[in-house]
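Worth saying up front: this structure is predicted, and the values here are computed from it rather than measured.
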Amino acid sequence: MSQSTAASSTEAATTDAETSVPETPADGDAEIDTADLLSLDAPQHLQISGEVQLFERIFAAAGTVTDKTRIGITESGIAIRAADLQGHAMVDLRVSGSSFTSFDAGRGTLGVDVGRVRDALSVGDAGDLAQFVLDAANSTLEINIDGITRTIELEPVESLRYPVEMPDIDIPATVHLSPDDISLGLDAADMLADRFDLTVDADAGEVRFAADGDTDSMTYRWDDTDLIAFEPADVEVKLDSSLVKSANAGLPDGTNRVLHIGDSVPLVLKSEFPDADGAMQFVIAPKLSVS
């Protein structure tokens, strides 16, 4: 089983971040690309607070693909774009500063260990208030929850991978599924094989997940009446079951999933960002057919 060109396929993909994912850049932010934002010097100040659940959703998504990530910060919000080491899966997210209880930050880039941040957040409950404060002089981040302060040493930004560029490509089909439906289909596929076929049949008006094991096979179909929304086109792509399953788990619970699907091009999987002004999505490279 080969996937040697999957990384280049992802690098040639767009996440439709500038067109399909709702964003609300503040004045002065529209001209700066996420990749540029993630290559700046560290901000001189940062003090933001919000519910533990909001921060956990952000860092859970990043942790799906990487242990350490760059965080781009403007005066009006944050952005993360990160990929796994193989370049087979990538996350792209933005959250407006208005989503936080308070947001006071300068523009710049921070490098953080995702696991350490999530450890610090784990001491609080979902609705507890978490406060993030940057100590620029000592290159540390303080996370305070209910009187417990965790001080985390920041990662040198130059030691972290540069975010993947995402030029535009055509992804003709769009499918909206409930989180329960997509989870059921992915679980069924993953039980049989490490890859599955995702097919959109415009004439039949249906979407199919299909996987073949050593002796058994599985097909899970949805027709257009089962789908929340459907923009059909005849397309098929072979995908890594575990990558798509992990990406789906990295999206917020209870939110409908939007899949942008094309022939043998990366899958874009995204959802709304509940209780926040933001968006997140994953880009997953196709598997190569075995010759």
Open item on the list: Ignoring hydrogens and geometry beyond distance, is a side-chain donor-acceptor pair present between Thr149 and Asn144 at under 3.5 Å?
Closed with: yes
Task: Same apolar cluster: Leu154 and Leu160, side chain cutoff 4.5 Å - done: no
Open item on the list: For the backbone of Arg81 and the side chain of Arg70, can you confirm whether one donor and one acceptor N or O come within less than 3.5 Å of each other?
Closed with: no
TODO: Look at the side chain of Asp125 and the backbone N and O of Gly127, then say whether any donor-acceptor pair between them is shorter than 3.5 Å.
DONE: no
TODO: Hey, can you tell me if Phe55 and Phe100 have their rings parallel, tilted or perpendicular (30° and 60° cut-offs)?
DONE: tilted
Task: Positive for side-chain hydrogen bond (donor to acceptor under 3.5 Å, both in side chains) with His260, one of Glu231, Lys270, Gln281 - done: Lys270
- [ ] Over 60° means perpendicular and under 30° means parallel, so classify the ring planes of Phe209 and Trp222, tilted if in between.
- [x] perpendicular
TODO: Taking the side chain as every heavy atom from C-beta outward, state whether Leu243 and Asp84 have any atom pair closer than 4.5 Å.
DONE: yes
TODO: Rounded to the nearest 0.5 Å, what's the gap from CD1 on Ile228 to CG on Asp226? Could you check?
DONE: 10.5 Å
Open item on the list: On a heavy-atom basis, which atom in Ser102 and which in Ser49 lie closest, and how many Å separate them?
Closed with: OG-OG, 2.6 Å
Open item on the list: Restricting to non-hydrogen atoms, name the atom on Gly262 and the atom on Ile171 that form the minimum distance, rounded to 0.1 Å.
Closed with: N-CG2, 3.8 Å
Open item on the list: If you define the side chain from C-beta out and look only at heavy atoms, does anything of Val265 sit under 4.5 Å from Val237?
Closed with: no
- [ ] For the residue pair Thr64 and Ser246, confirm or rule out a side-chain donor-acceptor distance under 3.5 Å.
- [x] no
Open item on the list: So which atom in Asp190 and which in Ser242 form the shortest heavy-atom distance, rounded to 0.1 Å?
Closed with: OD1-N, 4.2 Å
TODO: Without swapping roles, check the side chain of Ser139 against the backbone of Glu153 for a donor-acceptor pair under 3.5 Å.
DONE: no
Open item on the list: Is it the case that the side chain of Asp240 and the backbone of Arg195 share a donor-acceptor pair, with hydrogens and angles ignored and the cut-off at 3.5 Å?
Closed with: no
Open item on the list: Evaluate Leu54 against Asp275 for side chain to side chain contact (heavy atoms under 4.5 Å, CB included), listing each step before the verdict.
Closed with: CA-CA 8 Å; Leu54 174 58; Asp275 304 318; over 6 Å; no
Task: Within-4.5 Å side-chain heavy-atom neighbours: Val175 and Ile261 - done: yes
Open item on the list: Closer than 3.5 angstrom, by distance alone: can the side chain of Ser39 be matched with the main-chain N or O of Asp36 as a donor-acceptor pair?
Closed with: yes
Open item on the list: Determine whether a donor-acceptor pair (N or O, by modelled atom type, separation under 3.5 Å) exists between the side chain of Asp234 and the backbone of Ala202.
Closed with: yes
Task: Single-linkage hydrophobic cluster Leu134~Phe103, side-chain heavy atoms < 4.5 angstrom - done: yes
Open item on the list: For Asp197, is there an ion pair with Lys238 - N to carboxylate O distance below 4.0 angstrom?
Closed with: yes
TODO: Side-chain contact test, heavy atoms from C-beta onward, threshold under 4.5 Å: evaluate it for Leu121 versus Arg150 and give yes or no.
DONE: no
Task: Test log, rule salt bridge (Lys or Arg N to Asp or Glu O under 4.0 Å), inputs Asp187 and Lys245 - done: CA-CA 8 Å; Asp187 286 344; Lys245 192 173 179 180; 3.1 Å; yes
TODO: Dump the intermediate steps for side chain to side chain donor-acceptor pair (under 3.5 Å) on Asp223 and Thr225, then the final yes or no.
DONE: CA-CA 5 Å; Asp223 63 33; Thr225 61; 2.4 Å; yes
TODO: Please confirm whether the backbone N or O of Asp212 pairs with a side-chain atom of Ser217, one donor and one acceptor, at under 3.5 Å?
DONE: no
